[in-house]
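Labels below follow one simple rule: chain letters A, B, ... track the order of the sequence lines, proteins then strands, and each chain is numbered from 1. The shown structure was predicted, so the numbers you read here are calculated from the model rather than taken from an experiment.
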Number of protein chains: 2
Amino acid sequence: MANLRGGDLSRLRQLNSLSAIRALRGAGPLTLSALAERTGLSRPSTKEVVDELAQVGWVEEVPPSPGTMGRPARRYRFRANCGYLVGIDIGAHNVRAALADLDGQVLAETRQPALPGAPLDDRLAAIERAVSGCLTLSGKTVADLWTVAVGTTGIVTPDGRVAYSASVPSWTGLDLAGRLREMFPCEVLVENDSRLAALAESRRGVARGSRDVVFLHVARRMGAALIIDGRLHRGFGTAAGEIGMLPEMRWLQATDHLNGCAIVPEETAPEDAAGYTLAAARSGDPVALDAVGRYLDDLAVGAAAMALLLDPEVVVLGGGFSRAADVLLEPLRERLERSCMRMPEVLASTLGEECVVLGAIDYAVDHLDRQHFTADAGPVPPQAAVTSR
Amino acid sequence: MANLRGGDLSRLRQLNSLSAIRALRGAGPLTLSALAERTGLSRPSTKEVVDELAQVGWVEEVPPSPGTMGRPARRYRFRANCGYLVGIDIGAHNVRAALADLDGQVLAETRQPALPGAPLDDRLAAIERAVSGCLTLSGKTVADLWTVAVGTTGIVTPDGRVAYSASVPSWTGLDLAGRLREMFPCEVLVENDSRLAALAESRRGVARGSRDVVFLHVARRMGAALIIDGRLHRGFGTAAGEIGMLPEMRWLQATDHLNGCAIVPEETAPEDAAGYTLAAARSGDPVALDAVGRYLDDLAVGAAAMALLLDPEVVVLGGGFSRAADVLLEPLRERLERSCMRMPEVLASTLGEECVVLGAIDYAVDHLDRQHFTADAGPVPPQAAVTSR
DNA sequence: CTACTAATGAAGCGCTCCTTCGTAACTAGG
DNA sequence: CCTAGTTACGAAGGAGCGCTTCATTAGTAG
């Protein structure tokens, strides 16, 4: 079922190129021998692979490191700067963008405000401004972009439309991928924002290295996303993670405990109420702490359901409220401890606001690898040949 | 991360052997050209691969099919009978076993009664009797067995111990894999029974071909198992699927609605009460139907949670109560329809009682493929060389 | 008996990887 | 400054795998 089709010799080379690239990307400049050891190939074969990669522009030689015994070894590095990726986070109140190299290293970041009720075109314009801001900051042009990956609120269909968005009404029904392809002359990827945040946590965040991760997006609206067997789980209709829609999970009204806390001053803006309560709880206010407790009682139901069902290695607390992790984490652990068969690690996100943007970049990097892995055509995007020496 | 190590030439051959075997297993005897088309290899290469497989005993030639134009093509088939597998289902009241060839085709089946409270050794003896029954029926000996795969109630650790079993008290803490290895001189695999049932459904049951499947084990005790991305999901501590432990899911007492139904005669044995109510519901008894409705209200909570979280293609209703699928299926669909974002297919198991046994066999077949795929040593189990011509 | 059809089997080629070995470049020590 | 030691380089030769090509063979159809 998996792969019924057998392989060609070129496929073997493809496999080996990929593993060389992965090794180089993971461990900075490497000598031939070091690379050979990592890929499991012999030195001459490694040389062959590296030469080929250098020719098409994926890899280049760097000066050897001096001060070693013996003849200095030639060193090679992944040419992370032969193309660039943009990750975009389309939230209800902000559009964030970051430009990264092919290593996923961020070179520039921008943020554009947007209002939940703003018209469609305003938000699209904000996206364009956010990206061109990144380009200006980093001194690149739109022609340098290989991929634009977008995380957006709402449910995203496989072809990149927004099926439904509760927090950004104008977004529902939009052919987001289509509009973005008009905007940018490169590959465009669209995904749900919580999922990308989960991906970022599993790639470079607190869940790095874990194969099974439950990501809890705690914010005004609650969300969830899953990494299963090291991969983002989308579901058959790309609607996975919507467990919060079930009333019995008690996520729909969970935030009300924070918003409706008695200590919140009347003049507080509705979107700041929960933050106020969390801040008060941190400074020890008993009324606020009680509200947080009830909030967590609700949150823990869905979290426990996920932990019991999937038995993840890690549960990550991300999203806006995870800034208050110090008042949320330990009580959440206690509640999960009571219901779980095997207690997972419970950790707070450390990537903060940029989580989704970083996830989008990681998603773009993954996509590149996937293309390289399966592409029958050229693994090399158009610009590479030009950029090569 | 996935596979950093590159490949050898022999690895390519390994890949191609595997895809040839898969194609042959899937589609009966094939001519060289047909096989070449399926594997994507050229005819001469296919010949080479097939010759090698024939030499070690995996494949053999069969007489050509007459009546075709042109020179008759040689045909080859997978030698499913060069080794045998046993699947075992250790339930609370029965031990079932089935012997199958390497295609997973069942050749013999047996059942041994056992009581939930019976001592450990009685149950182990029942296993031995069940297996030797299969061997006798099929005329094989224990030396013909390549793999024994077992599905048992309870939570199974990665090394094949039973961490906890609610329905078979004496089972808790048992080193089941260890005991079975003393019994059988071959590979021994141990897994949770619901998971194997799920696997069977996704391989040969109603969920065949679906990559994401939720399996609902409906019986006196409720269970769940997941197929994600075509593979059994175990979780980090192999404790996945235990969503029913959460009180808010309302699975723990769901069956009480059936057991405690007013129409059940007092003299009915406790384990038959639910069946009585289901039967009455089928014949239209309004009180029973009402009880079934309340039962499904509870069942649907957990089912909806799973469907929302995972967005599976199919939800399969299996386990003892699935015999009453005609009264359960449609009402369950209605309830899920109300809560799901994207409604999955909801289907009843058609494999019935043998579900777990078949799943165990499929699991053994999978395991064989996995070994063949990754083994650095020989893909050929000890007997194969002997059996070969 | 002849024409047609479809698969066979052998030969030759190209690609990928491997092992081996003499050579080159640099450091350490006298 | 020169020599010994160390490490990597690069070229050569060989083996395995898959591909294409083509004359040959074993059937069916008329």
Side-chain angles (χ1 to χ4, degrees), chain A residues 3-21 23 29-56 59 61-77 373 376 378-379, chain B residues 3-21 23-24 29-56 59 61-77 376 378-379:
Chain A
N3 56 338
L4 210 68
R5 303 199 71 77
D8 198 343
L9 279 213
S10 63
R11 163 133 177 108
L12 192 56
R13 171 56 65 93
Q14 208 175 34
L15 237 62
N16 287 335
S17 301
L18 182 68
S19 70
I21 284 188
L30 287 175
T31 69
L32 233 42
S33 326
L35 188 56
E37 196 179 348
R38 265 160 232 252
T39 54
L41 297 178
S42 71
R43 239 183 40 85
S45 302
T46 311
K47 179 74 162 54
E48 187 92 359
V49 169
V50 165
D51 280 352
E52 193 179 286
L53 287 171
Q55 210 163 25
V56 295
V59 158
E61 199 173 340
V62 296
S65 62
T68 58
M69 271 291 223
R71 177 173 177 169
R74 302 173 70 168
R75 290 192 309 159
Y76 300 86
R77 71 175 194 91
F373 187 72
D376 292 305
Chain B
N3 56 337
L4 209 67
R5 303 199 71 76
D8 199 343
L9 280 210
S10 61
R11 163 134 176 104
L12 193 55
R13 171 55 66 92
Q14 207 176 36
L15 239 63
N16 287 336
S17 301
L18 181 68
S19 69
I21 284 188
L24 283 174
L30 287 175
T31 69
L32 234 40
S33 324
L35 187 56
E37 196 179 348
R38 267 160 232 252
T39 55
L41 297 178
S42 71
R43 239 182 40 85
S45 304
T46 310
K47 180 74 162 55
E48 188 93 357
V49 169
V50 166
D51 280 352
E52 194 179 284
L53 287 171
Q55 211 162 25
V56 294
V59 158
E61 199 173 340
V62 296
S65 61
T68 58
M69 270 294 223
R71 177 173 177 169
R74 302 172 71 165
R75 290 191 310 161
Y76 299 88
R77 71 175 193 92
D376 291 307

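Close to D/dC17, at under 4.0 Å from its OP1 or OP2, lies no side-chain N or O of B/Ser45. When the side-chain nitrogen and oxygen atoms of B/Arg74 are compared with OP1 and OP2 of C/dA7, none of them lie within a distance under 4.0 Å. Distances shown here put a side-chain N or O of B/Ser42 below 4.0 Å from the OP1 or OP2 atom of D/dC19.
Note: B/Leu24 CG to B/Leu35 CG = 5.0 Å, rounded to the nearest 0.5 Å. With rounding to the nearest 0.5 angstrom, the CD atom of A/Glu37 is 10.5 Å from the OG1 atom of A/Thr46. For the atom pair B/Arg43 CZ and B/Thr31 OG1, the distance stands at 8.5 Å (nearest 0.5 Å). Separation of atoms OG1 (B/Thr39) and CG (B/Leu32) is listed at 9.0 Å; rounding is to 0.5 Å.
Listed nucleotides C/dC17, D/dC17, D/dT7 differ in distance to A/Arg71; the shortest reach to its side chain belongs to D/dT7. Side-chain proximity of B/Pro72 to C/dA25, C/dA7, D/dA26: nearest is D/dA26. For B/Met69, the side-chain atoms get nearest to D/dT28 when compared with the rest of D/dT21, D/dT28, C/dC17. Comparing atom distances between the B/Ser33 side chain and each of C/dT8, D/dG16, C/dG9 picks out C/dT8 as nearest.
The residue among B/Ala73 and A/Pro44 whose nearest nucleotide of DNA chain C lies closer to the 5′ end is B/Ala73. Nearer the 5' end of DNA chain D, as judged by each residue's closest nucleotide, is the contact made by A/Gly70, out of A/Gly70 and A/Arg43.
In this structure, B/Asn16 places its CG atom 17 Å from P of D/dG16, rounding to the nearest Å. Rounded to whole Å, the distance from CG on A/Leu35 to P on C/dC17 is 12 Å. For A/Asp51 and C/dC17, the CG to P distance is 12 Å, given to the nearest whole Å. A/Arg13 has its CZ atom 17 Å from the P atom of C/dG14, to the nearest Å. In this entry the distance linking CG of B/Leu41 with P of D/dG18 reads 6 Å, nearest Å. To the nearest angstrom, C1' of D/dG10 lies 13 Å from CD of A/Glu61. Rounded to an integer number of Å, the gap from CD of B/Glu48 to P of D/dG16 is 11 Å. A straight line from CZ of A/Arg11 to P of D/dC19 spans 14 Å, rounded to a whole angstrom.
Contact between A/Glu52 and A/Ser17 at its shortest, heavy atoms only, is OE2-OG, 4.4 Å.
Contacts of A/Thr68 with the nucleic acid, taken as non-hydrogen atoms under 4.0 Å apart, involve only primed sugar atoms and P, OP1 or OP2. Using a 4.0 Å heavy-atom distance criterion, B/Pro64 is classed as making no nucleic acid contact.
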